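Residue numbers begin at 1 in each chain, while the letters A, B, ... track the order of the sequences. Given the structure is predicted, the values throughout are model-derived calculations rather than measurements.
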Amino acid sequence: MDDQTRMLASMGGLGGLSQADVGDPDSVRKQQSLGQPPQDIGDILQQIMAITDESLDEAQARKHALNCHRMKPALFSVLCEIKEKTVLSIRGVQEEDPPDPQIMRLDNMLLAEGVSGPEKGGGSAAAAAAAAAAGGSPNDGSIEHSDYRAKLAQIRQIYHSELEKYEQACSEFTNHVMNLLREQSRTRPISPKEIERMVAIIHRKFSSIQMQLKQSTCEAVMILRSRFLDARRKRRNFNKQATEVLNEYFYSHLSNPYPSEEAKEELAKKCAITVSQVSNWFGNKRIRYKKNIGKFQEEANLYAVKTAVDAANVSAQASQANSPATPNSG
DNA sequence: CCATATGATTCAGG
DNA sequence: CCTGAATCATATGG
């Protein structure tokens, strides 16, 4: 844009001058060929100064008269053509790559993360993707999810408001420049094509800002993801009672420690954890038990006794119906 | 601060 | 899709 602006600006200056001596278009050349430049320049200067003495109405009228001159359109197009040829080499260079690959990549990423997509659909899509491994139970991972969703919504909101600001500023600026150029096209050769080109240039410049916005949004989402969705960062041990329940099941089914889906659901409910957490726990337990049975022998005995005692208690309670004297383990 | 425990994730295989 | 195995990253106890 810089080169063009400079060029247009300088031609604007010329425009003022040519308007000044339009009364006798050949005067300059004639006098120059006569070989008395100082005098001629003084002449021109005088004419210019005379303009400032004119009233606004007079100047306006003169301008209007010029604009209505029958030769004006022809002259205008000729000037445009000349200008087109003169500046051709300058632009021509950067005319391609309309679909910026990088911005498309960022767009796709933001869409996938549910930042730029539709309000509810995108968000739940991301949530579904996150919970996909969990088997679809509605309460899976809901503890951290609300937090994650809230933060994501926050990013989303910032992104959209910034994008809106950006779009507004862009169109405002574009309109401004277009109006300016259109206005100036009355006094200097600016073809509609050129205005179009200028708009394209502006948009290209602005799109780098947009890319920056999208890039930083992407970054924020990625950080958020790694913080919240990688639960390894927030590992919390299950409470004692939960591990007890799980161990009980494990050691009482030691010959086949593979809980069915229903069993997993029940264990999950008892332990206030998710089904996938139960699966994880059993997966880890099996492999670690198998790896070093000796290390777990004590634990195995403990739970074997425990279940035996519990069974005894249960049977005792069952056989004794409703006797209040049944001893309970603290 | 280190070693160990532990929940979660990743990846290969059936 | 489920599992075993390896691995990661944190929690915990000494």
Take atom CG of A:Asn292 and atom P of B:dT6, then tell me their distance rounded to the nearest Å. 13 Å

Considering only B:dT9, C:dA5, C:dA9, which nucleotide approaches the side chain of A:Arg235 most closely? C:dA9

When the distance from OH of A:Tyr258 to C1' of C:dC2 is rounded to whole Å, what number comes out? 10 Å

Using a strict threshold of under 4.0 Å (side-chain N to carboxylate O), is an ion pair present between A:Glu162 and A:Lys165? yes

Spacing of A:Lys240 atom NZ relative to B:dT6 atom P, expressed in whole Å: 12 Å

Atom pair CG (A:Leu181) and CD1 (A:Ile190), whose distance is rounded to the nearest 0.5 Å: 5.0 Å

From CG of A:Asn280 across to P of C:dG4 the rounded distance in Å is 12 Å

State whether the side chain of A:His160 and the backbone N or O of A:Arg156 hold a donor-acceptor pair below 3.5 Å, judged by distance alone. yes

Solution key, residues 243-263 of chain A side-chain donor-acceptor pairs under 3.5 Å, sequence neighbours excluded:
residue  : atom : partner  : partner atom : Å
A:Thr243 : OG1  : A:Asn239 : O            : 3.4
A:Thr243 : OG1  : A:Lys240 : O            : 2.8
A:Asn247 : OD1  : A:Lys285 : NZ           : 3.2
A:Asn247 : ND2  : A:Thr243 : O            : 3.1
A:Tyr251 : OH   : A:Glu299 : OE1          : 2.5
A:Ser252 : OG   : A:Glu248 : O            : 2.7
A:Ser252 : OG   : A:Tyr249 : O            : 3.2
A:His253 : ND1  : A:Tyr249 : O            : 2.8
A:Ser260 : OG   : A:Ala263 : N            : 3.2

Salt bridge (Lys or Arg N to Asp or Glu O under 4.0 Å) involving A:Lys264 - partner list, sequence neighbours excluded: none

Rounded to whole angstroms, how far apart are CG on A:Asn284 and P on C:dT10? 17 Å

Check this one for me: any side-chain N or O of A:Gln277 less than 4.0 Å away from OP1 or OP2 of B:dG7? no

It should be established whether A:Arg286 places a side-chain nitrogen or oxygen under 4.0 Å from OP1 or OP2 of nucleotide C:dG4. yes

Just compare C:dC2, C:dG4, C:dT12 and give me whichever is closest to any side-chain atom of A:Asn237. C:dT12

OP1 or OP2 of C:dG4 under 4.0 Å from side-chain N/O of A:Lys291: no

Quick one: which of C:dC8, B:dT9, C:dA5 gets closest to the side chain of A:Arg288? C:dC8

Kindly point out which of C:dG4, C:dC2, B:dG7 is positioned nearest to the side chain of A:Glu261? C:dC2

Between C1' on C:dT12 and CZ on A:Phe238, what's the gap in Å once rounded to a whole number? 16 Å

Expressed in angstrom and rounded to an integer, what is the separation of A:Ile287 atom CD1 from C:dC8 atom P? 16 Å

Just to be sure I understand the rule, does A:Lys285 reach a base, reach only the sugar-phosphate, or reach nothing, if contact means heavy atoms closer than 4.0 Å? nothing

Spacing of A:Arg236 atom CZ relative to B:dT6 atom C1', expressed in whole Å: 13 Å

